[in-house]
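Since the structure comes first, as structure tokens, the remarks are kept for the end.
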Amino acid sequence: MGPFFGHALPFAGGGDIAPRAAADTVTLHGRVLDGDGAPIPDALLEFWQAGPDGRPPAAPGSMRRDHSTGRDAGRDGVTFTGWGRVPTDADGHYAVRTLRPPAGAPYLGVLLLARGLLHHLHTRAYLPEAPHDALLASLPPARRATLVARHEDGGVYRFDIRIQGDDAQETVFLEFR
């Protein structure tokens, strides 16, 4: 499978979705696992979410590099971009730091690319305190649990993504038509 492209990788500050000075940030981290529960070390995850006002962020430059400095223009530490891109490490681990998703769109959208996948996968990560959501309510409890992060400590949440497994293990993936 391939070819694989390194364009826009690594994406410096890709996990810093929230401004550095934002007081109410949360960290979402976890591992990407295969059907046997083994880590996938070379996956790429993209996250996006609505801003605190419930609307998609409209700050320019989230995905653009400044050619004069070589820096990622949208990663200025001040702007909430609503978008992040991070690779998994050797243990399949990733982490992003962001703001709590708003009540009107109480999740982080997640796109997963990994070896062995012919097409990328879409899923959502909900924090356990998320208000009612139509997608979550439509799922049986075991399937619903695969979309809800576990609260660990303070503003830290764990969200593992398992690309295969039985209904209680495999993450729910979404199909868009």
Side-chain angles (χ1 to χ4, degrees), residues 4-32 39-114 120-136 147-161 171 174 176:
F4 297 100
F5 300 98
H7 177 71
L9 294 174
F11 193 81
D16 296 327
I17 301 169
R20 282 189 209 115
D24 190 24
T25 61
V26 295
T27 298
L28 183 73
H29 77 107
R31 296 171 74 199
V32 178
I40 298 177
D42 52 1
L44 181 70
L45 296 159
E46 290 190 350
F47 296 85
W48 63 96
Q49 68 175 93
D53 61 359
R55 295 183 296 175
S62 293
M63 301 170 68
R64 181 177 50 92
R65 289 206 173 146
D66 183 326
H67 294 292
S68 63
T69 65
R71 297 177 56 192
D72 300 305
R75 302 297 164 176
D76 59 8
V78 176
T79 307
F80 174 74
T81 64
W83 179 83
R85 176 186 288 159
V86 292
T88 56
D89 66 14
D91 292 325
H93 187 259
Y94 72 89
V96 295
R97 189 179 67 79
T98 189
L99 302 177
R100 290 182 183 280
Y107 57 85
L108 281 80
V110 183
L111 180 136
L112 168 67
L113 300 121
H120 55 273
L121 300 173
H122 290 270
T123 190
R124 290 179 175 178
Y126 292 85
L127 301 184
E129 306 86 8
H132 176 78
D133 180 79
L135 174 67
L136 278 182
L147 297 181
V148 180
R150 266 192 351 257
H151 183 236
E152 289 188 329
D153 185 30
V156 178
Y157 296 86
R158 179 155 191 139
F159 182 69
D160 292 332
I161 299 172
T171 301
L174 308 172
F176 296 94

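Both backbone and side-chain heavy atoms feed into the values below; hydrogens, waters and symmetry mates do not.
Smallest separation of non-hydrogen atoms from Pro57 and Gly82: CG-CA, 3.6 Å. Taking all atoms of both residues into account, the shortest heavy-atom contact from Ala50 to Ala105 is CB-CB, 4.0 Å. Residues Pro39 and Gly92 come closest through the heavy atom pair CB-N, 3.7 Å. Summarising the geometry of Ala114 relative to Ala43, their closest heavy-atom pair is CB-CB, 3.9 Å, with the distance given to 0.1 Å. Residues Leu135 and Asp133 approach most closely at N-OD2, 3.0 Å, considering heavy atoms.
A 6.0 Å sphere centred on CG of Asp53 holds more than 12 heavy atoms belonging to other residues, nucleotides or ligands. Within 6.0 Å of CZ on Arg158 lie more than 12 heavy atoms contributed by other residues, nucleotides or ligands.
Between Pro106 and Leu127, the closest side-chain pair of non-hydrogen atoms is not below 4.5 Å. Looking at Val156 and Val26, their side chains never come closer than 4.5 Å, going by heavy atoms from C-beta outward. Considering only heavy atoms from C-beta on, Pro128 comes within 4.5 Å of Tyr157 through its side chain. Looking at heavy atoms from C-beta onward, Leu112 lies out of side-chain contact with His120 at the 4.5 angstrom threshold. With contacts defined as side-chain heavy-atom distances shorter than 4.5 Å, the pair Leu45/Thr88 qualifies. No side-chain heavy atom of Glu46 sits less than 4.5 Å from a side-chain heavy atom of Val86. Annotation: side chain of Leu108 is not in contact with side chain of Arg124 (no heavy-atom distance under 4.5 Å). Residues Phe80 and Pro19 have side chains in contact (heavy-atom distance under 4.5 Å, counting atoms from C-beta outward).
A donor-acceptor pair is defined here as one N or O able to donate and one able to accept, closer than 3.5 Å; no such pair exists between the side chain of Asp91 and the backbone of His93. The backbone N or O of Gly30 lies less than 3.5 Å from no partner atom in the side chain of Asp160, so there is not a single donor-acceptor pair. Formation of a donor-acceptor pair under 3.5 Å by the Thr81 side chain with backbone atoms of Trp83 is found in this model. Checked by atom type and distance alone, the side chain of Gln49 pairs as donor or acceptor with a backbone atom of Leu99 at under 3.5 Å. A distance-only check finds a donor-acceptor pair linking the side chain of Arg97 to the backbone of Ala18 [under 3.5 Å].
Relative orientation of the Phe176 and His122 rings is perpendicular, given thresholds of 30° and 60° on the angle between their planes.
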message = Quick one, Leu147 with Thr123, criterion side-chain contact (heavy atoms from CB on, under 4.5 Å). Give me CA distance, side-chain angles, the key distance, then yes/no.
response = CA-CA 8 Å; Leu147 297 181; Thr123 190; 3.1 Å; yes
message = I'd like to know whether Ile161 forms a side-chain contact (heavy atoms from CB on, under 4.5 Å) with Val110, so could you lay out the CA-CA distance, the side-chain angles of the two residues, the decisive distance to 0.1 Å, and finally the verdict.
response = CA-CA 10 Å; Ile161 299 172; Val110 183; 4.0 Å; yes
key: CA sep, side-chain torsions, deciding dist, call: Phe159, Val148, side-chain contact (heavy atoms from CB on, under 4.5 Å)   = CA-CA 7 Å; Phe159 182 69; Val148 180; over 6 Å; no
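Ring centroid separation for the pair Phe47 and Tyr94 comes in under the 6.0 Å cut-off.
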